Amino acid sequence: MICARPNYPLVDTMDTRTVVLVSLVLLSWRSGATALANCPAGCSCNDDTLVVVCEESRLDVLPIALNPSIQRLIIRNNKIKTIDSSMQFYAELQHLDLSHNHLVNIPTNSFAYQRKLQELHLNNNKISSITNTTFRGLNSLTVLNVKRNYLEELNNGVFTTLPRLEELNLGQNSISRIEPGAFAGLTALRILYLDDNQLSSVPTPSFSLLGSLAELHVGLNAFSSLPDDAFAGLNRLTVLDLNGAGLSNISENAFRGLPGLRSLNLLGNRLNVVPTQQLSGLTRLEELYIGQNDFLELESHSFKGLKNLKLLDITGATLLERVQKGAFEDNVNLETVILANNKKLSVIEDCTLLGLPKLKHVSLRDNAIVTLSETIFIGKELRQLDLNDNPIECDCHMRWLQELLNEKSNFTQIQCASPDNLKDKYLKTLNAEDLGCIVHDTRQQTIICVVVVVSVATFAAIILMLYRCRKSMPEKLKDYKWNKGRKNLEYHKPISTEEDCIVRGIHPSQYPAPPPHTPSLRTIPVTEL
Ligand SMILES: *[C@@H]1O[C@H](CO)[C@@H](O)[C@H](O)[C@H]1NC(C)=O
Ligand SMILES: *[C@@H]1O[C@H](CO)[C@@H](O)[C@H](O)[C@H]1NC(C)=O
Ligand SMILES: *[C@@H]1O[C@H](CO)[C@@H](O)[C@H](O)[C@H]1NC(C)=O
């Protein structure tokens, strides 16, 4: 057999026509006729940048006569069915994209000469199996994308030839079985996608070989529950995505052994309570997404232990009705709270967001909130507040918010849903009278107060005199002491929500200055309690 590069194992598998063509092409290069390098119709070939792009060019085989020095070859959206021997001529490739083709399988040793290849994109094909020879030769590969193919299982050692691989995408396949040694050799792997497959349990045994893994995406499988130590071995994991994993039950120690976890996504599962205890060991956690679950309320201390939490996102929890006071009490580093699209959420108890000194962004968008108490948060620190799409009732209870909106220009506008005469009006534009707050003339009020106080005092003095005349001295003393004690007791009884908030350990300096028209708020020094 005549060939410019003998000893290629693949040549044996070529048909004669291809061999002749290859030989002709190679001969023409040999004679210095690089200009003969053929750029197929519909492709663009750049000999300076060494990039060839064939998008939707209806190719059904790999082009054979490209410049052999090309470094990037993009053949997306064509009809390539297999990787044939032409591949061997492109040994300088660093980036190969064969996504959106009709690849069914990848013959043994297809990439034996791509020792410089760093990225291989095979996503959106019809590949149904890979073996321990499929990726042989790809010593430099750092990114392998096999997303959206027809893989059903991963056998031991399929990736052993990829010592530099950092990112592996196996999402959107039909994988139902992963052997314990499937990830052997992937010592550099940092990101793994296994989402949207058909796994019925977490493939825990296979994780022990992934000591460098930082991100794991395993959502959209049908786990139903997480056992203890489900992610054992993933000591370096920082991001865990369990979005839509079918979880209704998480065992108490499911997340044990994840000391560095920063981001956890539990969106779209079937949890009917917040897994408070299960999460409590994740002390480094900074982001938690737990919307679209089935819990009815957030109890106080729902997220205990998560003292580094910065972002909490509860979106689309259709059954959530109430957020109890103290729900976020342990999360003093919260910066962003998103409680949005929770169609039944109408009660956010007083003080819920108070005592969170770093809180900057709050979204309460598209819930069923009718009214909000001023003590819910400290408006001063907030940069963004979104209350859009709630059935807000614009009455005097919302006066504080109207004032806040006028201070903060970039808060989203809030439209009133009721009463009827204020429907669709913007809260910001309303005044105290519109909101039905009764504003007295203060001077008149003072005079009335003085008159009342003087009359009461006079009346009391008369009663006291009459009373004294009736009693003997020792009895008088006894009565006096009893009354004094009673009075003191009454004085110490917490009477308002502000005092309840202080009981939670919030320093009075964190309170907003009371706006002029809200009579009930006063700052209480801690010593007074
Ligand atoms: C590849 O897998 C086959 C079985 O599928 C096995 O016999 C062979 O030893 C494996 N080769 C390597 C290098 O692991
Ligand atoms: C959750 O799982 C545990 C054991 O795995 C079991 O005892 C418990 O009943 C389950 N709870 C629910 C609500 O399924
Ligand atoms: C909103 O305004 C505040 C200052 O009032 C600013 O610090 C913040 O960055 C602004 N946010 C946006 C989203 O513009």
Side-chain angles (χ1 to χ4, degrees), residues 5-14 62 81-88 90-91 93-94 96 98 102-123 125-194 197-213 216 218 221 232-234:
R5 298 193 213 177
N7 300 328
Y8 281 135
L10 283 175
V11 171
D12 301 338
T13 65
M14 289 184 184
L62 288 175
K81 288 192 187 61
T82 188
I83 296 176
D84 58 46
S85 48
S86 333
M87 187 51 73
Q88 66 194 299
Y90 309 119
L93 278 181
Q94 293 172 13
L96 173 59
L98 292 169
H102 298 173
L103 293 173
V104 174
N105 60 7
I106 301 172
T108 302
N109 292 328
S110 287
F111 304 109
Y113 298 90
Q114 274 66 48
R115 301 204 170 257
K116 296 182 177 173
L117 195 67
Q118 291 171 9
E119 288 196 26
L120 175 56
H121 297 271
L122 298 169
N123 49 298
N125 279 286
K126 297 172 181 169
I127 302 166
S128 58
S129 77
I130 50 178
T131 71
N132 60 8
T133 56
T134 308
F135 303 113
R136 200 183 276 168
L138 296 172
N139 291 22
S140 306
L141 201 69
T142 57
V143 175
L144 174 58
N145 188 350
V146 201
K147 180 176 167 174
R148 200 154 192 176
N149 276 282
Y150 298 159
L151 299 179
E152 291 176 1
E153 57 181 8
L154 298 176
N155 293 325
N156 288 335
V158 278
F159 304 110
T160 39
T161 55
L162 305 171
R164 302 238 163 84
L165 200 67
E166 292 174 11
E167 182 174 335
L168 173 57
N169 195 333
L170 296 165
Q172 293 187 38
N173 278 277
S174 308
I175 301 169
S176 59
R177 204 172 72 91
I178 298 181
E179 289 187 355
F183 301 122
L186 294 178
T187 49
L189 198 69
R190 293 182 46 77
I191 304 176
L192 174 59
Y193 290 86
L194 282 171
N197 276 287
Q198 289 171 17
L199 297 168
S200 56
S201 64
V202 181
T204 308
S206 68
F207 293 154
S208 61
L209 298 163
L210 296 173
S212 301
L213 201 70
L216 175 61
V218 277
N221 281 289
L234 302 175

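Keep in mind that what you see is a predicted model, and the values were worked out from it rather than measured. We number each residue from 1, following the sequence as shown. Counting convention: from 1, in listed order, for ligands and their atoms alike.
- If you look at ligand 1, the protein residues with a non-hydrogen atom under 4.0 Å away are N132.
- Minimum heavy-atom separation, N139 to R164: O-CG, 3.1 Å.
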Exercise. Go through the steps for L192 and F183 under the test side-chain contact (heavy atoms from CB on, under 4.5 Å), then give the verdict.
Key: CA-CA 10 Å; L192 174 59; F183 301 122; 3.9 Å; yes

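- Side-chain contact between L199 and I178 is present, with at least one heavy-atom pair separated by less than 4.5 Å.
- Here the side chain of T161 pairs a donor or acceptor atom with the backbone of F135 at under 3.5 angstrom.
- With sequence neighbours left out, R177 forms a salt bridge (Lys or Arg N to Asp or Glu O under 4.0 Å) with E153, E179.
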Exercise. Tell me, with the steps shown, if L170 and L151 meet side-chain contact (heavy atoms from CB on, under 4.5 Å).
Key: CA-CA 8 Å; L170 296 165; L151 299 179; 3.9 Å; yes

